[in-house]
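Treat the numbers as computed from the prediction; the structure is a model and nothing was measured. Reminder, nothing fancy here: chain letters follow the sequence lines and each chain counts from 1.
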2 protein chains.
Amino acid sequence: MQQTESSERFRRKAIQPEEAQQAIVNSVRALGAETVGLYEAWDRHLAEALIAPHPFPPFRRSGMDGYAVRTADLLQAAPGSPVELTVLECLPGGKAPKHSLGPGQASRIMTGGMVPEGADAVVMLEMVAAEERDDLPCVRIGKAVAPGVNISEIGSEIREGERLLPAGRRIGAGESAVLAACGCARVAVTRRPRVAILSTGSELLEVDEPLAPAKIRNSNAPMLAALVRELGAEPILLGKVPDDAEAAGRLVRGALSDCDLLLTSGGVSVGDFDVMVDILAQPDAKLLFNKIAMRPGSPTSAALFGEKLVLALSGNPGACFVGFHLFAVPALHRMLGMDGPTHLEFTACLGEDFPKVNAYRRYIRASTAIRDGQVWVTPTGDDKSSLMTTIVGADCLIEIPPLKEGLKRGHPVKAWNIRR
Amino acid sequence: MQQTESSERFRRKAIQPEEAQQAIVNSVRALGAETVGLYEAWDRHLAEALIAPHPFPPFRRSGMDGYAVRTADLLQAAPGSPVELTVLECLPGGKAPKHSLGPGQASRIMTGGMVPEGADAVVMLEMVAAEERDDLPCVRIGKAVAPGVNISEIGSEIREGERLLPAGRRIGAGESAVLAACGCARVAVTRRPRVAILSTGSELLEVDEPLAPAKIRNSNAPMLAALVRELGAEPILLGKVPDDAEAAGRLVRGALSDCDLLLTSGGVSVGDFDVMVDILAQPDAKLLFNKIAMRPGSPTSAALFGEKLVLALSGNPGACFVGFHLFAVPALHRMLGMDGPTHLEFTACLGEDFPKVNAYRRYIRASTAIRDGQVWVTPTGDDKSSLMTTIVGADCLIEIPPLKEGLKRGHPVKAWNIRR
């Protein structure tokens with residue numbers, strides 16, 4: 001009897017990680033936009049591409065403190081026979097010129113100042129002797145200069161209509177500067193995904209509870225909340241449920257209306273008390289998958305309840321962490337309107353021997369180091385799915401293909417950057 | 001007369017970037033601690049090291065769904081002649097065993113369950129035939145197993161008293177998990193540095209103002225605010241002051257009591273309207289430096305007003321960005337109690353020719369790519385200090401030493417990771 005029951009639970013069809021990722025991505029869509037102030041837009045994602053509304057610089061700008069000149073006036077200038085120019089005005093940053101330059105004329109100008117009409121170069125202050133003659137200020141310049149020197153032409157940095165930032169782009173320092181230069185005091189950003197987090201398992205204590213026999217504290221919920229926040233989403237903490245399918249099922253259904261994605265940890269294995277297995281098998285759930293040909297986290301499961309995705313991760317901290325990166329991150333990227341690959345993939349040298357024989361693809365928590373221009377990735381510790389200490393310091397996942405024998409240190413391996 | 005005035009401004013003694021960094025770091029100290037809930041501790045920095053309060057796992061834990069057994073009972077087990085064991089109880093996660101195992105006895109156990117006394121291995125569910133005999137449940141096992149199999153011993157992941165996380169460590173996903181496992185529902189973190197940001201320059205418009213001749217919008221303040229937030233500090237926006245030394249001086253002094261660090265942009269050059277030069281030269285300021293032998297940002301300056309550090313960055317966006325990473329980041333790291341190098345330094349191949357001759361060390365905004373295990377760093381665009389678009393996508397700074405001739409593509413260069 002138990003035999004039979006267990007077999008049912010074992011009768012799962014494993015799919016490849018890529019198929020699971022595709023099923024996830026197909027189940028979610030980009031969230032709507034909201035408008036926030038530029039200073040609140042940091043770490044959010046652009047809801048639409050930024051197109052330059054005007055050229056930048058918007059005027060001919062001096063790159064130096066010095067004098068705006070006509071280079072034609074200086075063709076004969078030499079250290080022994082400087083050319084003398086009459087100074088018309090002084091142009092600090094922000095002051096529009098009153099005068100165009102005619103022959104024999106110059107204007108003093110500061111870095112960032114607007115170059116007057118007629119001028120075609122700015123001579124550095126350090127190269128100029130200034131004096132007054134007949135009460136008119138004048139300068140003597142002892143060197144010819146090339147046209148265009150120290151002037152940033154209109155649109156030389158940004159052309160009007162240029163696509164400066166793509167939709168979905170995360171707003172960091174450079175993006176903030178460009179948005180500001182374009183006058184975007186308010187920015188349309190994608191709504192933060194609301195990600196509900198539920199832990200299952202009768203062994204779980206709250207973090208502030210004292211230890212008790214057979215019990216451990218719930219470490220997956222804080223870990224997932226941190227991961228969710230790193231992605232620019234908002235965690236909604238549902239706490240934990242005991243291994244009781246009915247109670248857990250009620251909580252799951254109740255939470256769905258208030259979130260964009262529900263993550264659970266635990267309860268997906270083949271044990272008798274694995275509640276998520278039962279919840280995802282119920283008639284109102286459209287199961288996407290319940291087994292993946294990978295380690296760790298092969299029982300990672302997903303289902304749709306109406307339009308809402310429930311991603312059921314393993315309760316083992318290491319497997320939960322890997323599952324988040326492989327399956328929750330693609331969903332969140334899609335919701336945030338991000339384009340392109342979810343993780344930067346790269347090839348690196350394996351930092352230590354990997355002796356395990358491997359019937360499945362394996363994703364190993366590892367850290368990246370660069371030595372003499374070469375990239376090395378080294379497992380952060382023993383690759384047990386239960387270990388949480390190996391999550392600390394992991395900045396990539398090494399993908400190890402199915403292997404008949406282990407890999408030696410230095411072997412090239414594929415890795416995925418998991419730092420945001 | 002103007003000659004003389006300018007010469008005064010030019011008479012600055014350049015120091016090396018490392019000296020400037022050291023002067024900065026010596027001028028600040030770690031901020032005090034505050035206690036926050038674990039879920040609010042994300043992205044904060046630990047005020048003290050985390051020492052494991054107990055071993056983890058805190059009990060002998062099953063790594064599998066299966067049966068806890070005595071391996072001595074199974075020495076003779078073989079597929080044709082299975083050994084039959086009586087099942088005493090079922091041990092889901094969280095349930096403390098009622099019985100120790102004697103000879104011929106087993107207990108059903110789930111992943112994460114507490115292994116009973118007497119048991120020294122867990123046999124996978126898939127390897128076991130379960131049945132009932134004389135109303136007592138029993139199992140038949142057709143294979144010997146080695147002691148210790150599928151059991152995580154007490155303390156096998158974390159030893160009691162082990163230093164798990166150093167003081168100053170930023171709290172991400174792995175750190176959150178480890179803190180939770182150790183029962184840290186509240187966490188002592190360093191106070192967020194309060195970083196005031198002031199922009200100088202009469203050319204500056206607010207971001208929401210329409211363009212006007214000779215004017216540009218203030219892009220440095222949003223950029224610096226983003227950088228400050230990326231570092232885990234709190235920006236305080238002071239807005240902008242025109243090029244008026246008295247007004248700017250009042251604002252600087254007024255802001256100091258409410259911040260841990262004041263960043264300014266602009267006004268540090270040799271022009272007549274560079275207010276920060278005057279402010280930092282006043283008698284109550286202890287000037288740390290006002291010229292650095294580097295490009296961009298050579299006029300970057302710093303002074304102490306009492307115990308408060310004022311770091312005056314260049315107004316050119318590119319130079320402002322580089323100056324933040326070189327000089328503000330070390331100050332913030334110190335304030336946050338972080339140890340070790342401020343930026344990860346690495347060697348990489350230069351991604352394109354660098355034709356410039358270079359009298360000073362130069363820091364170039366660049367992006368990192370890994371190709372076939374080799375790291376390449378490529379400038380994000382023309383290396384003009386005024387360009388802000390080159391900040392977008394920059395994840396490292398290439399350090400180019402003084403050069404008599406340019407560098408070819410592929411040449412090894414030193415780079416600093418500027419992603420947090």
Side-chain angles (χ1 to χ4, degrees), chain A residues 2-3 6 38-39 42 58-59 65 92-96 110-112 114 125 130 157 172-178 180-181 183 185 201-203 207-208 211 213-215 217 219 222-223 225-227 229 269-271 273 317 346-349 370 372-375 386-389 391-392 412, chain B residues 2-3 6 38-39 42 58 63 65 92-96 110-112 114 125 130 157 172-178 180-181 183 185 201-203 207-208 211 213-215 217 219 222-223 225-227 229 269-271 273 317 346-349 370 372-375 386-389 391-392 412:
Chain A
Q2 186 177 293
Q3 183 74 9
S6 297
L38 176 59
Y39 285 97
W42 174 77
F59 53 85
D65 294 322
K95 185 173 170 194
M110 302 298 136
T111 306
M114 183 171 178
L125 201 56
E157 181 169 0
E175 291 79 6
S176 298
V178 171
S202 301
E203 75 278 22
V207 176
D208 59 0
L211 280 186
K215 305 274 191 182
R217 299 191 186 94
S219 65
M223 178 184 75
L227 288 168
R229 294 185 68 181
S269 194
V270 294
F273 298 87
F346 62 97
T347 303
C349 300
I370 302 174
D372 298 327
Q374 199 75 29
V375 185
S386 62
L387 294 189
M388 91 194 82
T389 46
I391 298 168
V392 176
Chain B
Q2 188 175 290
Q3 182 75 8
S6 298
L38 177 57
Y39 286 97
W42 174 76
D65 293 322
K95 186 171 170 196
M110 302 299 135
T111 306
M114 183 171 177
L125 202 56
E157 182 169 359
E175 290 80 5
S176 298
V178 171
S202 300
E203 76 278 21
V207 176
D208 59 0
L211 280 187
K215 305 274 191 181
R217 299 191 187 93
S219 65
M223 178 184 77
L227 288 168
R229 293 185 70 181
S269 195
V270 294
F273 298 87
F346 61 98
T347 303
C349 301
I370 302 173
D372 297 328
Q374 200 75 29
V375 185
S386 62
L387 294 188
M388 91 194 82
T389 45
I391 299 169
V392 176

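The closest side-chain heavy-atom distance from B:Lys95 to A:Ser202 is not below 4.5 Å.
Here A:Val207 is the residue among A:Val178, A:Val207, A:Leu38, A:Ile391 with the most heavy-atom pairs under 4.5 Å with chain B. With respect to chain B, the highest number of heavy-atom pairs below 4.5 Å among A:Gly112, A:Gly174, A:Ser176, A:Pro222 belongs to A:Pro222. Residue with the most contacts toward chain A among B:Ala348, B:Ala173, B:Gly172: B:Ala173 (heavy-atom pairs, distance under 4.5 Å). Here A:Gly183 is the residue among A:Ala185, A:Ala96, A:Gly183 with the most heavy-atom pairs under 4.5 Å with chain B. Between chain B and the residues A:Ala180, A:Cys349, A:Ala214, the largest count of heavy-atom pairs under 4.5 Å involves A:Ala214.
In this structure, chain B has heavy atoms under 4.5 Å from both the backbone and the side chain of A:Asp208. Using a 4.5 Å cut-off between heavy atoms, B:Ala181 contacts chain A through both its backbone and its side chain.
Taking every heavy atom of both residues into account, B:Tyr39 and A:Arg229 meet most closely at O-NH1, 3.2 Å. The minimum heavy-atom distance linking B:Pro58 with A:Lys215 is given by the pair CG-O, 3.9 Å. Across B:Ala177 and A:Ser219, no two heavy atoms sit closer than the pair O-CB, 3.3 Å.
For the atom pair CG (A:Leu227) and CH2 (B:Trp42), the distance works out to 10.0 Å, reported to the nearest 0.5 Å.
The closest donor-acceptor contact from the side chain of B:Glu157 to the backbone of A:Thr389 lies under 3.5 Å.
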When you look at B:Gln374 and A:Val375, which way does the side chain to side chain contact (heavy atoms under 4.5 Å, CB included) test go after all the steps?
-> CA-CA 6 Å; B:Gln374 200 75 29; A:Val375 185; over 6 Å; no
